[in-house]
Amino acid sequence: MYKNSRHLSIFRKKKIYINEFFCIFARIKMFVMAGKKVLYINQEITPYVPESEMAHLGRLLPQAMQEKDHEIRTFMPKWGNINERRGQLHEVIRLSRMMLIIDETDHPLIIKVASIPATRIQVYFIDNEDYFTKRLMARDESGKEYDDNGERAIFFARGVLETVKKLRWIPDIIHCQGWMCSVIPLYIKTAYHDEPSFANTKVVTTLFSEELHDSLGDNFRKSIEFKSVKAKVLDSYGKDFRFPSLQKLAIDYSDAIACVGDGVNPELVSYAKGKGMPFIYCPADGQLGDAFNGFYEQLCEK
């Protein structure tokens, strides 16, 4: 009787320990999945620029993921039409004044920061007098596309990545939104691959209906060169490097693709799906948190 009771007691204790182990494991797993560091690199964010499909998502998605207990950082260009006084932007001296060499020319990198009203979201702005301060977004006041848009995208990409290194913040996921971010996946997977900040980062690119129409210019090929990245990386995309080639470049070096709206170039959608990588159509606003939380979890498990 005593022997059986003792065995039963031991069995019950083991069962308790096993149950406690699985409870602790479940908590750890939940913590790991909920605590990702997500870097959002956006071309547009409201309320700093006029409302658009891209600016709307740039504003809502980071907040939705922050509410899911992810730790986020957000970047965008400091376009010339952004009212610094109204937006309460101020320069971050400790992050600014680095010189970036683009096509053998020095360009000072200026970092500004502001907080979106009524949220805990802080936005870092990449600024430079030649590329952003005195100029609008993709087009000038007459509606003509800037002939150095590709060069501007290169400066923006390198400016963001150098600033993240200075912040000593290591993102699990980098989510790029807009053509201005299209060079970033390439640099992360090549020139910055050995940097501790990006060595294990997963990259997501979002496709939008907005497109550039003019050539990105001959200078883009020379300007893209940096560290291990050489101009020949563009050879497979054709001699006349335009928007579809720029987006394909982003897709080729990304780990997952998101798609917004019905107006996205079907050639790009087909190209992305043909890569066999995780793919998501952006849902309605109220479902952003749940949809992308699951999408990021799937991506980090790969």
Side-chain angles (χ1 to χ4, degrees), residues 29 32-43 54 57-58 61-62 64-66 68 70-75 153-154 156-158 160-165 169-208 224 226-229 233-234 236-237 243-260 264-265 267-283 288-302:
K29 183 178 180 182
V32 169
M33 297 315 296
K36 295 300 179 187
K37 294 181 179 179
V38 187
L39 172 62
Y40 288 97
I41 308 177
N42 297 302
Q43 180 176 309
M54 191 182 299
L57 188 65
L61 182 55
M65 300 318 297
Q66 186 170 258
K68 289 290 185 181
H70 294 278
E71 182 181 341
I72 70 163
R73 294 286 187 277
T74 307
F75 281 79
I154 290 167
F156 178 64
R158 288 180 52 191
V160 170
L161 298 177
E162 290 296 336
T163 304
V164 173
K165 282 172 54 181
W169 189 75
I170 302 176
D172 299 297
I173 296 168
I174 295 180
H175 195 146
C176 303
Q177 305 198 103
W179 63 264
M180 178 60 67
C181 310
S182 296
V183 184
I184 291 171
L186 167 68
Y187 281 153
I188 291 173
K189 300 296 185 179
T190 54
Y192 288 86
H193 177 69
D194 293 330
E195 296 284 353
S197 296
F198 309 111
N200 299 306
T201 298
K202 300 291 187 180
V203 182
V204 181
T205 289
T206 298
L207 303 177
F208 292 90
I224 203 170
F226 176 63
K227 293 185 177 179
S228 61
V229 178
V233 74
L234 304 179
S236 61
Y237 300 97
F243 177 80
S245 299
L246 183 67
Q247 291 298 86
K248 287 178 181 179
L249 178 72
I251 292 168
D252 285 343
Y253 289 90
S254 295
D255 298 293
I257 300 296
C259 185
V260 179
V264 178
N265 186 327
E267 177 190 352
L268 294 176
V269 174
S270 177
Y271 186 82
K273 288 185 174 180
K275 295 290 179 178
M277 64 181 72
F279 186 100
I280 184 174
Y281 283 102
C282 290
L288 279 174
D290 289 337
F292 276 95
N293 194 52
F295 187 63
Y296 291 159
E297 288 181 9
Q298 174 194 358
L299 181 58
C300 289
E301 288 171 356
K302 290 181 68 68

Using the side chain to side chain contact (heavy atoms under 4.5 Å, CB included) rule, take Ile72 and Tyr40 through it: C-alpha gap first, then chi angles, then the decisive distance, then the call. CA-CA 7 Å; Ile72 70 163; Tyr40 288 97; 4.0 Å; yes
Walk me through whether Phe243 and Leu268 qualify under side chain to side chain contact (heavy atoms under 4.5 Å, CB included). CA-CA 10 Å; Phe243 177 80; Leu268 294 176; 4.0 Å; yes
Give the C-alpha distance, both sets of side-chain angles, the deciding distance and a yes or no for side chain to side chain donor-acceptor pair (under 3.5 Å) between Asp172 and His70. CA-CA 10 Å; Asp172 299 297; His70 294 278; over 6 Å; no
Worked verdict on Ile154 versus Phe226 for side chain to side chain contact (heavy atoms under 4.5 Å, CB included): CA-CA 10 Å; Ile154 290 167; Phe226 176 63; over 6 Å; no
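One N or O on the side chain of Thr201 and one on the backbone of Pro171 form a donor-acceptor pair closer than 3.5 Å. Using modelled atom types, no side-chain atom of Thr190 and backbone atom of Val229 make a donor-acceptor pair closer than 3.5 Å. With Gln43 contributing its side chain and Met180 its backbone, the two residues share a donor-acceptor pair below 3.5 Å. Under a 3.5 Å cut-off, the side chain of Ser182 and the backbone N or O of Trp179 do form a donor-acceptor pair.
Of all heavy-atom pairs between Pro196 and Ile170, the closest is O-CG2, 3.8 Å. The two residues Leu57 and Gln177 make their nearest non-hydrogen contact at CD2-OE1, 3.0 Å. Across every non-hydrogen atom of Asn293 and Lys68, the tightest pair is OD1-CB, 4.2 Å. Nearest heavy atoms, Val204 versus Phe295: CG1-CE2, 4.2 Å. In plain terms, the two heavy atoms of Lys189 and Tyr253 that are nearest each other are CG-O, 3.3 Å. The two residues Ala157 and Val183 have their closest heavy-atom pair at CB-CB, 4.3 Å.
Rounded to the nearest 0.5 Å, atoms CZ (Phe156) and CG (Leu161) are 9.5 Å apart. Distance check, rounded to the nearest 0.5 Å: CD1 of Ile184 to CG of Leu249 gives 11.5 Å. A distance of 6.5 Å separates NZ of Lys248 from OG of Ser245, quoted to the nearest 0.5 Å. Distance OH/Tyr271 to CD1/Ile257: 10.0 Å, rounded to 0.5 Å. To the nearest 0.5 Å, atom CG of residue Asn200 and atom CD1 of residue Ile173 are 12.5 Å apart. Distance check, rounded to the nearest 0.5 Å: OH of Tyr192 to OG of Ser228 gives 10.5 Å.
A donor atom on one side chain and an acceptor atom on the other are not found under 3.5 Å apart for Gln247 and Tyr237.
Relative orientation of the His175 and Phe292 rings is tilted, given thresholds of 30° and 60° on the angle between their planes.
No side-chain heavy atom of Val164 sits less than 4.5 Å from a side-chain heavy atom of Arg73. Side-chain contact check for Met277 versus Asp255: every heavy-atom pair is 4.5 Å or farther apart. Within the 4.5 Å cutoff, no side-chain heavy atoms of Ile280 are placed close to those of Cys259. Side-chain contact check for Val269 versus Tyr281: some heavy-atom pair is nearer than 4.5 Å. Considering only heavy atoms from C-beta on, Leu186 comes within 4.5 Å of Ile224 through its side chain. Two residues are said to be in side-chain contact when any heavy atoms from C-beta on lie closer than 4.5 Å; Leu207 and Ile251 meet this criterion. You'll find the side chain of Asp252 reaches within 4.5 Å of the side chain of Lys275, heavy atoms only. Between Lys227 and Tyr187 there is no side-chain heavy-atom pair separated by less than 4.5 Å.
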